[in-house]
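Have a look at the structure below before the remarks.
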Protein chains: 2
Amino acid sequence: MKIGQLSELTGLSIDTLRYYEKIGLIEPPYRKSGQRLYDPDAVRWIDFLKALKATGMSLEDMKRYALMRAKGNATAANRRVMLETQHALVLKRIEELNACAALLDYKIANYHDIEARHEQADNRRNAR
Amino acid sequence: MKIGQLSELTGLSIDTLRYYEKIGLIEPPYRKSGQRLYDPDAVRWIDFLKALKATGMSLEDMKRYALMRAKGNATAANRRVMLETQHALVLKRIEELNACAALLDYKIANYHDIEARHEQADNRRNAR
DNA sequence: CTACGGGCTGGAGTGCGGTTCAGGTCAAGC
DNA sequence: GCTTGACCTGAACCGCACTCCAGCCCGTAG
């Protein structure tokens, strides 16, 4: 498929796809008269990249992973370790977000209290 | 307290504190012969800013919040809505991260399988 | 044959969130 | 009174992850 289609399927812009190729995240695909023609498997790889990115991994680290992947089975253990590290980071981040959510809850409850008190005050004023 | 102490207490660099003041996140404090002297309450406000930031809120949005806060009680309801919006975003983000964690788990399990199979192959080779 | 849509390149530009720097001022301790 | 260390300002600079652009090529449809 051509780059436009890949862009549609993955949700990454054409520019981003070319950029990812340039920095080594995507293997340079076969070309026909200059134009990139991608294997359908590219979609799955890019979806995985998107997932890694969603975990907060930097493009730099993703590139390291991609490089190891290209080198084949000998790097499997190292890749696993990378994923495990990232997994731990994700769990940590989730914890952090849970804490933030709790704080927001607390603050929001406070605002509700404040608003309720103001309403009471208004009611008293209107009753006079 | 002086800016150095505030920096220690909040974990933000002196530069960042001055930057936050410049963009309107922190009220310009009282000064004595040019030097900023902060009220201890500043720590609590900055900790709150850090929490908002940890939720992924942009400095721009935090500034909007700070501006409303400075305007007093009349803005309480709007501020509450902002926090509620942010709360919803945090929950969504947590969901996303959970999904990513699950994918990583799956991939890691795959790698374990692959490594186990390689080990078996090695064992067979050594047995010959 | 020509117009058009899509793709190509290299390189410059963008937005965010700071960080660093040059060139000072000020206050406290020795 | 001099040194030291913390602090001041405005402006330039940084890394990341894109994003856009000019000017080109190519294949297909009308």
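Please read all numbers here as calculations on a predicted model, not as lab measurements. In what follows, chains are A, B, ... by sequence order, proteins preceding strands, each numbered from 1.
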Between the protein and nucleotides 17-23 of chain C, list the N/O to N/O atom pairs that are separated by less than 3.5 angstrom.
from   : atom 1 : to      : atom 2 : distance (Å)
C:dG18 : OP2    : B:Tyr20 : OH     : 2.7
C:dT19 : OP2    : B:Ser13 : OG     : 3.3
C:dT19 : OP2    : B:Thr16 : OG1    : 2.8

- Task: Answer yes if the side chains of A:Tyr111 and B:Arg79 hold a donor-acceptor pair under 3.5 Å, and no otherwise.
- Result: yes

- Salt bridge or not for B:Glu21 and B:Arg18, using N-O below 4.0 Å? no

- Query: Between the side chain of A:Lys50 and the main-chain N/O of A:Thr10, is any donor-acceptor distance below 3.5 Å?
  - Reply: yes

- Task: Remember a base hit wins even if backbone is also touched, and classify A:Ile23 as base, sugar-phosphate or nothing at under 4.0 Å, heavy atoms.
- Result: nothing

- Message: Check this for me, if you would: do A:Glu84 and A:Arg80 make a salt bridge, where the nitrogen-to-carboxylate-oxygen distance has to be below 4.0 angstrom?
- Response: yes

- In whole angstrom, what separates A:Leu17's CG from D:dT19's P? 11 Å

- Can a side chain N or O of A:Arg36 be found less than 4.0 Å away from OP1 or OP2 on C:dG7? no

- Around A:Glu27, counting heavy atoms of other residues, nucleotides and ligands shown, do more than 12 lie under 6.0 Å from its CD? no

- Query: B:Met62 has an atom CE; how far is it from atom C1' of C:dC16, in whole Å?
  - Reply: 13 Å

- Message: Less than 4.0 angstrom from a charged side-chain N to a carboxylate O is my criterion; do A:Arg64 and A:Asp61 meet it?
- Response: yes

- Query: How close or far is atom P of D:dA17 from atom CG of A:Leu49, stated in whole angstroms?
  - Reply: 13 Å

- Query: Would you say B:Ser7's side chain and B:Ile3's backbone share a donor-acceptor pair under 3.5 angstrom?
  - Reply: no

- Query: Taking CE from A:Met1 and P from C:dG6, how many angstroms apart are they, rounded to a whole number?
  - Reply: 17 Å

- Grab the CD-P distance between B:Gln35 and C:dC26 for me, whole Å please. 10 Å

- Mind calculating the distance between CG (A:Asp61) and C1' (D:dA17) to the nearest angstrom? 14 Å

- Message: Expressed as a whole number of angstroms, how long is the span from A:Ile14:CD1 to C:dG5:P?
- Response: 14 Å

- The side chain of A:Ser33 lies closest to which of these nucleotides: D:dC7, D:dG27, D:dT9? D:dG27

- Check whether any side-chain nitrogen or oxygen of A:Arg31 sits under 4.0 Å from OP1 or OP2 of C:dT9, and answer yes or no. yes

- Length of the CG-P vector between B:Leu37 and C:dA27, whole Å: 11 Å

